[in-house]
Undergrad: 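First, the structure itself, so that you have it in front of you.
Atom set for the values below is all heavy atoms of this structure, side chains included, hydrogens, waters and symmetry mates excluded. This is a predicted model, so every value here is computed, not measured.
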Amino acid sequence: MKITDVDVWVVNLPLVNPFTSSFETKTGETRTVVRIRTDEGVEGWGETMWGAPVAAIVRSMAPDLIGTSPFALESFHRKQHMVPFFYGYLGYAAIAALDVACWDAMGKATDQSVTELLGGAVRDEVPITALITRADAPGADGAGMPRAMAEHAVRVVAEGGFEAVKLKGTKDCAGDVAILRAVREALPEVNLRVDPNAAWPVPDSIRAGIALEELDLEYLEDPCVGIEGMSQVKSKVRIPLCTNMCVVRFEEFAPAMRLNAVDVIHGDVYKWGGIAATKALAAHCETFGLGMNLHSGGELGIATAAHLAVVSSTPVLSRAIDSMYYLHADDIIEPLHLENGRLRVPTGPGLGVSVDEEKLRYYAAANERDGDLTG
């Protein structure tokens, strides 16, 4: 079986509500979607972060896939190993788009789910995290923000059945602490997290971390910049530290271990360059006694299905994962069903999802009209 065609689209899809963090507010997501076809009529679908820049890299790599088998992934990754060196996150994301499409094709060719190809399921449902941001409390002022955010969190948990809540923090460190205190008072049993995306200076991170110890956070994610900064915080704060920003490639794993900088690492198929790379990260985390979770970069259904397959087949991924999936107003597949804060892992061949090509064309036209969404 040989790959004969690689097609690429860039799509814009709206979010249900604005989503804000310490560095942006966005109302929709731009994603790159790929399809490979083989000479035996098998199709494989992939999806990854970002739009035009990543799509351009995917198109530049596509000729290297033509004429090869979707099963020949080691050879493909070896040939493309310098792409992330030159393009960073964009390079990893582009490789992952084609990687996931090949896994989908492999599963369809063998009538196996990607979960089965990865070793089989250790869980059939995956809990996801309720993600809350200050955009969820429009009109609330500084003094009223903590109560408004707590009330919103209570509604979200009641409606969605979530067991974990994560606040996207801001540069307002003291304000984030006040919000977390209000949320903890309103939801004493929920697993609570905060992610300022490295917006807090190290001294503020230490001060805030000590103040938050009484709230029994599941972890504090990327309060400050860099392995050195995280190590300083970890030496003073008893809350486990998580990262999706200072350990984002394997070259950073050993320095983080030597400096005792983190307790939990966020993987991501699309930031780490594919499914096998994410499984390798899980093996590293287990070997060194670290926890692991998954980051969310705004995945639609194809990408979410790949994440679910990884989580389903990886014992160390036992926490509620980050997923923005439920925040999208639509999808290009038949939507995955969220129930009691959990997504069921698709069991059909490959990724187990079917692409609605009419919707794909519709949202690709939106990108052609409006360009990539940047906020």
Undergrad: If I compare all heavy atoms of A101 with all of V34, which pair ends up nearest, and what's the gap?
TA: CB-CG2, 3.9 Å

Undergrad: Keeping to residues at least two apart or across chains, list the salt bridge (Lys or Arg N to Asp or Glu O under 4.0 Å) pairs with something in residues 253-277.
TA: K234-D263

Undergrad: Tell me, yes or no, whether the heavy-atom count around E286 atom CD, taken from other residues, nucleotides or ligands under 6.0 Å, exceeds 12.
TA: yes

Undergrad: Rounded to the nearest 0.5 Å, what separates atom NE2 in H266 from atom CG in L294?
TA: 7.5 Å

Undergrad: When clusters are formed by joining ILVMFWY residues with side-chain heavy atoms under 4.5 Å apart, either directly or through shared neighbours, do V177 and V194 land in the same one?
TA: yes

Undergrad: Which is it for K171 and D176 under the salt bridge (charged side-chain N to carboxylate O under 4.0 Å, His left out) test, yes or no, and what are the steps along the way?
TA: CA-CA 8 Å; K171 295 177 182 179; D176 288 341; over 6 Å; no

Undergrad: According to the salt bridge (Lys or Arg N to Asp or Glu O under 4.0 Å) rule, which pairs have a member within residues 80-99, sequence neighbours left out?
TA: none

Undergrad: Using the test salt bridge (Lys or Arg N to Asp or Glu O under 4.0 Å), find all partners of D330 that sit at least two apart in sequence or belong to another chain.
TA: K359

Undergrad: Which pair of non-hydrogen atoms, one from N197 and one from S21, has the smallest distance, and what is that distance?
TA: OD1-CB, 3.9 Å

Undergrad: Name all residues meeting the side-chain hydrogen bond (donor to acceptor under 3.5 Å, both in side chains) criterion together with S205; count only those two or more places apart in sequence or in a different chain, and write none if there are none.
TA: none

Undergrad: Could you tell me whether the side chain of I179 reaches within less than 4.5 Å of the side chain of R134, counting heavy atoms only?
TA: yes

Undergrad: Assigning hydrophobic clusters by single linkage (Ile, Leu, Val, Met, Phe, Trp, Tyr; side-chain heavy-atom cutoff under 4.5 Å), is V183 placed with L167?
TA: yes

Undergrad: Tell me whether D124 is salt-bridged to R344, with the criterion being a basic N under 4.0 Å from an acidic carboxylate O.
TA: no

Undergrad: Would you say T48's side chain and A93's backbone share a donor-acceptor pair under 3.5 angstrom?
TA: yes

Undergrad: Do the charged groups of E218 and R319 touch, with an N to O distance under 4.0 Å?
TA: yes

Undergrad: Check E189 against R184 and note the closest heavy-atom contact, atom names and distance.
TA: N-NH1, 4.1 Å

Undergrad: So for atom CD, which belongs to E228, do other residues, nucleotides or ligands contribute more than 12 heavy atoms lying within a distance under 6.0 Å?
TA: no

Undergrad: Suppose we screen for side-chain hydrogen bond (donor to acceptor under 3.5 Å, both in side chains). Which residues come up paired with T30, at least two apart in sequence or across chains?
TA: N12

Undergrad: So E213 and V237, do their side chains get closer than 4.5 Å, heavy atoms only?
TA: yes

Undergrad: State, to 0.1 Å, how close V269 and A96 come at their nearest heavy-atom pair, and which atoms those are.
TA: O-CB, 3.4 Å

Undergrad: Determine, using the 4.5 Å side-chain heavy-atom cutoff (strictly less than), whether L212 and V165 are members of one ILVMFWY cluster.
TA: yes

Undergrad: Kindly give the heavy-atom pair with the smallest separation between A140 and A148, and that separation in Å.
TA: CB-CB, 3.8 Å

Undergrad: Does the side chain of T243 reach to within under 4.5 Å of the side chain of M230, using non-hydrogen atoms?
TA: yes

Undergrad: Between R31 and G297, what is the shortest heavy-atom contact and its length?
TA: NH1-O, 3.0 Å

Undergrad: Can you tell if the side chain of W45 reaches within under 4.5 Å of the side chain of D7, non-hydrogen atoms only?
TA: no

Undergrad: Please check if the distance between the ring centroids of W272 and F250 is under 6.0 Å.
TA: yes

Undergrad: Rest of the hydrophobic cluster containing Y219 (Ile/Leu/Val/Met/Phe/Trp/Tyr, side-chain heavy atoms under 4.5 Å)?
TA: V264

Undergrad: Hey, what do you get for CG (L65) to CG (D5), rounding to the nearest 0.5 Å?
TA: 11.5 Å

Undergrad: Quick check: does any side chain N or O of E116 sit under 3.5 Å from a backbone N or O of Q112, one acting as donor and the other as acceptor?
TA: no

Undergrad: Hey, does the side chain of T129 reach the backbone of A164 with a donor-acceptor pair shorter than 3.5 angstrom?
TA: no

Undergrad: For residues 349-358, which residue pairs qualify under salt bridge (Lys or Arg N to Asp or Glu O under 4.0 Å), counting only residues two or more places apart or in two chains?
TA: R35-E357

Undergrad: Is any side-chain heavy atom of P240 less than 4.5 Å from a side-chain heavy atom of L220?
TA: no

Undergrad: Between T38 (side chain) and M1 (backbone), is there a donor-acceptor pair under 3.5 Å?
TA: no

Undergrad: If only side-chain N and O atoms count, and only distance matters, is there a donor-acceptor pair under 3.5 Å linking D372 with N367?
TA: yes

Undergrad: Does S313 have any side-chain hydrogen bond (donor to acceptor under 3.5 Å, both in side chains) partners at least two apart in sequence or in another chain, and if so, which?
TA: K279

Undergrad: If you round to the nearest 0.5 Å, how far is CD of E29 from CD of E299?
TA: 8.5 Å

Undergrad: Enter the distance from S22:OG to D195:CG here, rounded to the nearest 0.5 Å.
TA: 7.5 Å

Undergrad: List the atom pairs, with distances to 0.1 Å, where a side-chain N or O of residues 149-161 and a protein N or O form a donor-acceptor pair under 3.5 Å, not counting sequence neighbours.
TA:
residue: E151; atom: OE2; partner: R147; partner atom: NE; Å: 3.1
residue: H152; atom: NE2; partner: D136; partner atom: OD2; Å: 3.3

Undergrad: Quick one: list whatever passes side-chain hydrogen bond (donor to acceptor under 3.5 Å, both in side chains) with R342, sequence neighbours left out.
TA: E163

Undergrad: Parallel under 30°, tilted from 30 to 60°, perpendicular over 60°: which one fits the rings of F253 and H284?
TA: perpendicular

Undergrad: Does any pair with a residue in residues 55-69 pass salt bridge (Lys or Arg N to Asp or Glu O under 4.0 Å), and if so which ones, sequence neighbours excluded?
TA: D64-K79

Undergrad: Test M292 against every option in I321, V316, V311 by the side chain to side chain contact (heavy atoms under 4.5 Å, CB included) rule and name the one that passes.
TA: V316

Undergrad: Any chance you could pull the hydrophobic cluster mates of I227, using side-chain heavy atoms under 4.5 angstrom and chaining through other members?
TA: L259

Undergrad: For F19, is there any backbone N or O sitting under 3.5 Å from a side-chain donor or acceptor partner on T133?
TA: no

Undergrad: Ignoring hydrogens and geometry, is there a side-chain-to-backbone donor-acceptor pair from W200 to T170 under 3.5 Å?
TA: yes

Undergrad: Tell me which one of T314, L290, L317, V262 satisfies side chain to side chain contact (heavy atoms under 4.5 Å, CB included) with C285.
TA: L290

Undergrad: Taking the six-membered ring for Trp, is the centroid-to-centroid distance between Y270 and H307 below 6.0 Å?
TA: yes

Undergrad: Using side-chain heavy atoms (C-beta onward) and a distance below 4.5 Å, is F76 in contact with T68?
TA: no

Undergrad: Run E40 and K2 through salt bridge (charged side-chain N to carboxylate O under 4.0 Å, His left out) and show every step you take.
TA: CA-CA 8 Å; E40 296 183 9; K2 303 297 182 183; over 6 Å; no

Undergrad: Roughly how far, to the nearest 0.5 Å, is CD of E125 from CG of L308?
TA: 11.0 Å

Undergrad: Treating H81 as the side-chain partner and R78 as the backbone partner, does any N or O pair qualify as donor plus acceptor under 3.5 Å?
TA: yes

Undergrad: Cluster question for you: counting only ILVMFWY and a side-chain heavy-atom cut-off of under 4.5 Å, with indirect links fine, are V247 and M245 together?
TA: no

Undergrad: For F162 and Y326, I'd like to know if the aromatic rings sit close, meaning centre-to-centre distance below 6.0 Å.
TA: yes

Undergrad: Sub-3.5 Å donor-acceptor pair from the side chain of T32 to the main-chain atoms of G51, do we have one?
TA: yes

Undergrad: Quick one: CG on L300 to NE2 on H328, what's the gap to the nearest 0.5 Å?
TA: 4.5 Å

Undergrad: Membership question, hydrophobic clusters at under 4.5 Å side-chain separation (ILVMFWY): are I57 and V10 in the same one?
TA: no

